[in-house]
**Student:** 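Below you'll find the structure I mean.
Here is the naming used below: chain letters follow the sequence lines, and residue numbers restart at 1 for every chain.
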Amino acid sequence: MSRTEEFVRFKPVVVVVGPTAVGKSRVAVRLAKRLQTEVLAADSRQVYRGMDIGTDKPTLEERDGVPHRLIDLVDPDETFNAGIYRRTALPEIDRLHREGRLPLVVGGTGLYVRTLIRGLCEGPEADPTFRAELEEEARRKGAEVLHRELTRVDPKSAARLHPHDQVKIIRALEVYHLLGRPLSSIHQRHGFGELPFSPLLIGLMRERKALYRRIEERVDSQLARGLVDEVRGLLARGYDRRLGSMKGLGYRQIAAYLAGDCDYTEAVRLLKRDTRRFAKRQLTWFRKEPGILWLSLAEDEPVEQLTNKVLAMIEGFLAGLGREAQANKQSGRMAAAGVTAG
RNA sequence: GCCGAGGUAGCUCAGUUGGCAGAGCACAGCCCUGAAAAGGCUGGUGUCGACAGUUCGAUUCUGUCCCUCGGCA
């Protein structure tokens, strides 16, 4: 069987995850070069054009000739979400398989990774008008009314969601509004049980202290590279602070400073703090994601050494591909697809 | 050396007319199915500077000592 036939048949996908600033991008470029493939980003912020420094998008030089896909997909005032990501990513993965290349997904957006390897339920597209109406209603009558409304139409979702979690309450109401069926029933049917690929999940990790130090260093570097000017430019082009894209790390805090909400020092402090908290949330998410093989990086781990480690894992994974795919078919939907949890 | 102010959570501090100490920040744990770098939830045992005394009981009152910061020498 040729490599292309094998890839098309077993659909292997290598996924590298980990918290922000752990060092994913650097190793990704080297892996892609050695595998003669491309980098598929799983990053909800790098999809925005013109948001480069704040999202720590690799520069052309850093990409070193390796094509990076799934970045620069939309302008900052366009909607983007997990569903759009998945629909855009699947054809790229398919294309690489047909070219006999191993898809290499790299990113820190846990939900986006999950929509690739375990699917996404058949929910309706977001409805901005309806959302705006609900937000207005909550503003007028208080936040609790939405949760009460959800208790009426979808008690299961209401019980699961805290009354303060307006974002998710609105999504649940939106699903009922558009479909006439509760979100909970759609979730129940789906259960993240799809297994469209044979994934190899590799998680990169560092000691908490070392990770936090790297985060601070990266924020300093982003500021030195002109983060403030980038944010100023986006605002000048009319991208409002209230846009979802402008609520991301870096943009939110610097826009607050530029608007005079706080001084520069405070903005930097908050940006570092919020990035630390974000990394912590990512770790919580990935820790419970089944099937991740974790690699703990040493403080001074050379990138080449890490690349070799990961390549060795990939070789083993590819060698067992037919067998693993067979086993998965037999053990059905519950299988964690090709790897055991670490 | 003398005079004053203070030593309480990782930090900044509040407080107890004597009854097993509390806020902000920091931090930690968690949830998540088309907003996910978003959004939400939970978590406070700390020799109340040390030792002795008074008291049923002291972080609180008394004494001595140690340390920090001012001022005067």
**Student:** What's the gap between U45(B) and C72(B) when it is taken at their P atoms, as a whole Å value?
**Tutor:** 44 Å
**Student:** Determine the sole option in L102(A), L96(A), L70(A), L104(A) for which the side chain to side chain contact (heavy atoms under 4.5 Å, CB included) test with E38(A) is passed.
**Tutor:** L96(A)
**Student:** Take H97(A) and T4(A) through the side-chain contact (heavy atoms from CB on, under 4.5 Å) test and state the conclusion after the steps.
**Tutor:** CA-CA 6 Å; H97(A) 282 149; T4(A) 301; over 6 Å; no
**Student:** Answer yes or no: does atom CD of E61(A) have more than 12 heavy-atom neighbours from other residues, nucleotides or ligands under 6.0 Å?
**Tutor:** no
**Student:** Within the pair R208(A) and G29(B), is there a side-chain N or O less than 4.0 Å away from OP1 or OP2?
**Tutor:** yes
**Student:** Answer yes or no: does a side-chain N or O of R131(A) lie under 4.0 Å from OP1 or OP2 of G34(B)?
**Tutor:** no
**Student:** Please check the phosphate of A36(B) (OP1 and OP2 only) for any side-chain N or O of R45(A) closer than 4.0 Å.
**Tutor:**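 Checking A36(B) against R45(A), a side-chain N or O does come within under 4.0 Å of OP1 or OP2.
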**Student:** What is the nucleic acid contact for Y85(A), judged by heavy atoms within less than 4.0 Å: base, sugar-phosphate only, or nothing?
**Tutor:** nothing
**Student:** Would you say a side-chain N or O of R281(A) is under 4.0 Å from OP1 or OP2 of C32(B)?
**Tutor:**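 The answer is no; no side-chain N or O of R281(A) sits under 4.0 Å from OP1 or OP2.
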**Student:** Determine the interatomic distance between P on C48(B) and the same-named atom on C61(B); round to the nearest Å.
**Tutor:** 15 Å
**Student:** Do D43(A) and T109(A) have side-chain atoms, one donor and one acceptor, less than 3.5 Å apart?
**Tutor:** no
**Student:** Are the ring of H164(A) and the six-membered base ring of C41(B) within the stacking cut-offs of under 5.5 Å and under 30°?
**Tutor:** no
**Student:** Please measure how far the C1' atom in G7(B) lies from the corresponding atom in U59(B), and state the result in whole Å.
**Tutor:** 12 Å
**Student:** Taking 4.0 Å as the cut-off, does a side-chain nitrogen or oxygen of R171(A) come that near to OP1 or OP2 on G34(B)?
**Tutor:** yes
**Student:** Glycosidic conformation of G34(B), syn or anti, with 90° from 0 as the boundary?
**Tutor:** syn
**Student:** Quantified in whole Å, what is the C1' atom distance between nucleotide A9(B) and nucleotide G15(B)?
**Tutor:** 14 Å
**Student:** Give, for atom CZ of F278(A) and atom CG of L283(A), the distance between the pair rounded to the nearest 0.5 Å.
**Tutor:** 10.0 Å
**Student:** Closer than 4.0 Å, any side-chain N/O of R252(A) to the OP1 or OP2 of G39(B)?
**Tutor:** yes
**Student:** For G123(A) and for G108(A), find the nucleotide of RNA chain B with the closest heavy atom, then tell me which residue's nucleotide is more 5'.
**Tutor:**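 Its nucleotide being nearer the 5' end, the pick is G123(A).
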**Student:** Take atom C1' in C13(B) and the same atom in G6(B), then report the distance between them in whole Å.
**Tutor:** 12 Å
**Student:** Looking at K168(A) and G39(B), is any side-chain donor or acceptor paired with a base atom of the opposite kind under 3.5 Å?
**Tutor:**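 Indeed, a donor on one side and an acceptor on the other fall under 3.5 Å apart.
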**Student:** Scan every strand shown for a Watson-Crick or G-U wobble partner of C27(B), both distances under 3.5 Å, and answer none if you come up empty.
**Tutor:** G43(B)
**Student:** Ignoring hydrogens and geometry beyond distance, is the side chain of N81(A) in donor-acceptor contact with the base of A36(B) at under 3.5 Å?
**Tutor:** no
**Student:** When you compare the side chains of S221(A) and R225(A), does any donor N or O come within less than 3.5 Å of an acceptor on the partner?
**Tutor:**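 On atom types as modelled, these side chains qualify, holding a pair under 3.5 Å.
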**Student:** Considering every strand shown, what is the Watson-Crick or G-U wobble mate of G1(B) when both distances are under 3.5 Å?
**Tutor:**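 Per the H-bond distance test, C72(B).
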**Student:** For C13(B), which nucleotide is its Watson-Crick or G-U wobble mate, given both distances must be under 3.5 Å?
**Tutor:** G22(B)
**Student:** When rounded to the nearest Å, what value does the distance between P atoms of C30(B) and C66(B) take?
**Tutor:**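 Result for the P pair: 48 Å, nearest Å.
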**Student:** Under 4.0 Å between a side-chain N/O of R242(A) and OP1 or OP2 of A35(B), yes or no?
**Tutor:**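 No, because none of the side-chain N or O atoms of R242(A) sits under 4.0 Å from OP1 or OP2 of A35(B).
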**Student:** Need one value for D274(A): base, sugar-phosphate or nothing, where a base atom within 4.0 Å counts as base even if backbone is also close, heavy atoms only.
**Tutor:** nothing
**Student:** Does OP1 or OP2 of A36(B) have a side-chain N or O of T109(A) closer than 4.0 Å?
**Tutor:** no
**Student:** Of Y112(A) and Y212(A), whose nearest nucleotide on RNA chain B comes first from the 5' end?
**Tutor:** Y212(A)
**Student:** Which base, if any, makes a Watson-Crick or G-U wobble pair with A35(B), both distances under 3.5 Å?
**Tutor:** none
**Student:** Determine if W285(A) stacks with C32(B); use a centre-to-centre distance below 5.5 Å and an interplanar angle below 30° as the criteria.
**Tutor:** no
**Student:** Quick one, E125(A) with N81(A), criterion side chain to side chain donor-acceptor pair (under 3.5 Å). Give me CA distance, side-chain angles, the key distance, then yes/no.
**Tutor:** CA-CA 9 Å; E125(A) 200 48 54; N81(A) 56 48; 3.2 Å; yes
**Student:** Using Watson-Crick or G-U wobble geometry with both distances below 3.5 Å, tell me the partner of C65(B), or none.
**Tutor:** G49(B)
**Student:** Using a cut-off of strictly less than 4.0 Å, decide whether K288(A) has a side-chain nitrogen or oxygen near OP1 or OP2 of C32(B).
**Tutor:** yes
**Student:** Check this one for me: any side-chain N or O of R273(A) less than 4.0 Å away from OP1 or OP2 of A26(B)?
**Tutor:** yes
**Student:** Below 4.0 angstrom from OP1 or OP2 of C30(B), is there any side-chain N or O of R287(A)?
**Tutor:**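 For C30(B), OP1 or OP2 has a side-chain N or O of R287(A) closer than 4.0 Å.
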